[in-house]
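Lettering of chains follows the sequences in order, A, B, ..., and the numbering in each one begins at 1.
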Amino acid sequence: MDFNHKLISWYSDKKRELPWRETSNPYYIWLSEIILQQTQVKQGLPYYNAFITQYPTIFDLANASETSILKLWQGLGYYSRARNLHFTAKHIVNELNGKFPDTYNDLLKLKGVGDYTASAIASIAFNEVAAVVDGNVYRVLSRYFGIETPINSTLGIKEFKSLASTLIDLHQPATYNQAIMEFGAIQCKPKNPDCSVCPFQDSCVALQNQMVDVLPVKLKKTKVTVKYFNFLVFMDPNKKTLFEKRTKKGIWQHLYQFPLIESEKSLTPEEFHLLNFEDYVLKQETLDYSLYNEADIVHKLSHQHLHTKFWIIDVAELPEEAILIKTLTKYPSPVLISEFIDNFSF
DNA sequence: AAGGCGGGGGG
DNA sequence: CCCCCAGCCTT
């Protein structure tokens, strides 16, 4: 029995039942693939269900506001996925007459759709022979064939895509693609896979050369930078506060937060007192403030560690754009902020 | 070619 | 503490 047949046999026996496997609607397939980019099934599943409930068709998604889509996406991370999701829904509805692109080449033109996602939608929704290469596929192929080329090098990306394209089952590309990814997720796991129950024990190069734990090879790690965030939680007598949309390029674009002052180090109350708040409130002799968290809250992103302090500031008057504190949770915000809102007793 | 972009979970 | 996850975009 060859690689394909063993793999698909394993899949028909062990696969999980997942909602996006019960449909061939390209809108649902696309939605699931965007949600699952760099995201485990367990984490993405509730978001998928929420999205198809709130936006049953691509027209519903196209007609929604970006803010409401980001709110539903809140907590999932990589928020450009949600912004591109909205952009592409509008594009398909308004420019493509609501007809979902149905080939790899046309899917690849969509914003937020790269080689992997175009291949996944083309094969799963339209049965096109297009090989997917995700983190699971890299791992399965590098181990099974004993390939030591770094998976994130230019050569490795080409090499694994090429190999995957020679392996894909020409008669059932949808099943084959999902099978190899599921196999990587459930059996050929990153850490401590149970090779004693693997159907490829007698043919896996990595297993026979005791290289399972060193494959796949991956180049370098991202260096982490440390930042110091001071969030200004204003409170006025009308139970209002300031909450702003992040418009600049970096993290959390288009999400909302309390006014932020970044500092070179963690500030003491004395140092904080010397800051200038004239951007937010009228100059006052005495500013009545307190510190929510004595020790920094350290919020860890992939390549930034955010040492954070929340400063509670009572003021007599706030600018026009202040919003009611009880409406804070209607806005999409980073987990760091939403957890503060949930925990602080306003 | 390299770096930026989240948050959760596992070992 | 580290690495990984149904990757993509920008520079």
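- For C:dC9, the paired nucleotide is B:dG3, the pair qualifying as Watson-Crick or G-U wobble because both relevant distances are below 3.5 Å.
- Residue A:Lys223 has no polar side-chain atom (N or O) positioned under 4.0 Å from OP1 or OP2 of B:dG3.
- Between A:Tyr11 and A:Tyr176, the ring center distance fails the sub-6.0 Å criterion.
- Per the geometry, CH2 belonging to A:Trp30 stands 14 Å off C1' belonging to C:dC8, to the nearest Å.
- Taking 4.0 angstrom as the limit, A:Gln38 places a side-chain polar atom (N or O) nearer than this to OP1 or OP2 of C:dG7.
- A salt bridge does not link A:Lys14 with A:Glu182: every distance from a Lys NZ or Arg NE/NH1/NH2 to an Asp or Glu carboxylate oxygen is 4.0 Å or more.
- When rounded to the nearest whole Å, the span between CG of A:Leu107 and C1' of C:dC8 equals 15 Å.
- When the P atom is used for both B:dG6 and C:dT11, the distance is 15 Å, rounded to whole Å.
- One interatomic measurement links the two molecules: NZ of A:Lys218 to C1' of C:dC2, which rounds to 12 Å at whole-angstrom precision.
- In this structure, A:Lys90 does not pair ionically with A:Glu95, as no charged nitrogen and carboxylate oxygen lie closer than 4.0 Å.
- Taking the six-membered ring for Trp and the full ring otherwise, A:Trp311 and A:Tyr292 have centroids separated by 6.0 Å or more.
- For the pair A:Asp169 and A:Thr175, the minimum side-chain heavy-atom distance is 4.5 Å or more.
- More than 12 non-hydrogen atoms from other residues, nucleotides or ligands lie less than 6.0 angstrom from CD of A:Glu22.
- Contact between the side-chain N/O atoms of A:Trp73 and the OP1/OP2 oxygens of B:dG7 is not found at any separation under 4.0 Å.
- Between A:Asn192 and the phosphate of B:dG11, there is no side-chain N or O to OP1/OP2 separation shorter than 4.0 Å.
- One finds a side-chain N or O of A:Tyr79 lying less than 4.0 angstrom from the OP1 or OP2 phosphate oxygen of B:dG7.
- Within 4.0 Å of A:Arg83, counting heavy atoms only, lies no atom of the nucleic acid at all.
- Backbone-only contact: A:Gln304 has heavy atoms under 4.0 Å from sugar-phosphate atoms and none from a base.
- Comparing C:dC5, C:dC8, B:dG6 against the side chain of A:Gln40 picks out C:dC5 as the nearest.
- Protein atom OH of A:Tyr78 is 13 Å distant from nucleotide atom P of C:dA6, rounded to whole Å.
- Among the protein residues, A:Asn177 comes within range of no part of the nucleic acid, since none of its heavy atoms lies under 4.0 Å from any strand.
- Side chain of A:Gln37, nearest nucleotide from C:dA6, C:dG7, B:dC5: C:dG7.
- Using a 4.0 Å cut-off between a side-chain N of Lys or Arg and a carboxylate O of Asp or Glu, A:Lys265 and A:Asp296 do not qualify as a salt bridge.
- Side chain A:Ser302 to base B:dG6: a donor-acceptor pair is found below 3.5 Å.
- Between A:Ser80 and B:dC5, a side-chain N or O to OP1/OP2 separation shorter than 4.0 Å is absent.
- Listed candidates were C:dC5, C:dA6, B:dG7. Nearest to the side chain of A:Pro334 is B:dG7.
- The ring of A:Tyr104 has its center no closer than 6.0 angstrom to the ring center of A:Phe126.
- A:Lys42 comes within 4.0 angstrom of sugar-phosphate atoms only, judged by non-hydrogen atoms across all strands, and of no base.
- Across the interface with DNA chain B, nearest-nucleotide mapping of A:Leu219 and A:Leu336 shows A:Leu219 to be the residue nearer the 5′ end.
- Phosphate proximity of B:dG6 to A:His299: absent, as no side-chain N or O sits under 4.0 Å from OP1 or OP2.
- A:Trp20 comes within contact range of at least one nucleobase, with a heavy-atom separation under 4.0 Å.
- Contact annotation for A:Ile35: no contact, since no heavy-atom pair falls under 4.0 Å across all strands.
- A:Arg246 has its CZ atom 12 Å from the C1' atom of B:dG6, to the nearest Å.
- Residue-level contact check: A:Val113 touches the backbone only, with heavy atoms under 4.0 Å from sugar-phosphate atoms and none from bases.
- As rounded to whole Å, 10 Å separates atom C1' of C:dG7 from atom CD1 of A:Ile157.
- No engagement by A:Gly44 is indicated, since no non-hydrogen atom pair under 4.0 Å with the nucleic acid exists.
- If you take atom P in B:dG4 and the same atom in C:dA6, they sit 24 Å apart, rounded to whole Å.
- Of the candidates C:dC5, C:dA6, B:dG7, C:dA6 carries the atom nearest the A:Glu33 side chain, counting heavy atoms from C-beta on.
- Phosphate proximity of C:dA6 to A:Thr117: absent, as no side-chain N or O sits under 4.0 Å from OP1 or OP2.
- Dashed line: the shortest gap from a side-chain N or O of A:Lys300 to OP1 or OP2 of C:dC1 is under 4.0 Å.
- DNA chain C is contacted by both A:Gly112 and A:Gln43; A:Gln43 maps to the nucleotide lying nearer its 5′ end (nearest heavy atom per residue).
- Ranked by how close their nearest DNA chain C nucleotide is to the 5' end, A:Lys249 and A:Met181 are led by A:Met181.
- Nucleotides C:dC3 and B:dG3 place their P atoms 16 Å apart, quoted to the nearest Å.
- For the OP1/OP2 pair of B:dG6 and a distance below 4.0 Å, the side-chain nitrogens and oxygens of A:Arg81 include no atom meeting the criterion.
- Here B:dG4 presents its C1' atom at 14 Å from CH2 of A:Trp252, a figure rounded to the nearest Å.
- Taking atom CD of residue A:Glu339 and atom C1' of nucleotide B:dG7, one finds them 10 Å apart after rounding to whole Å.
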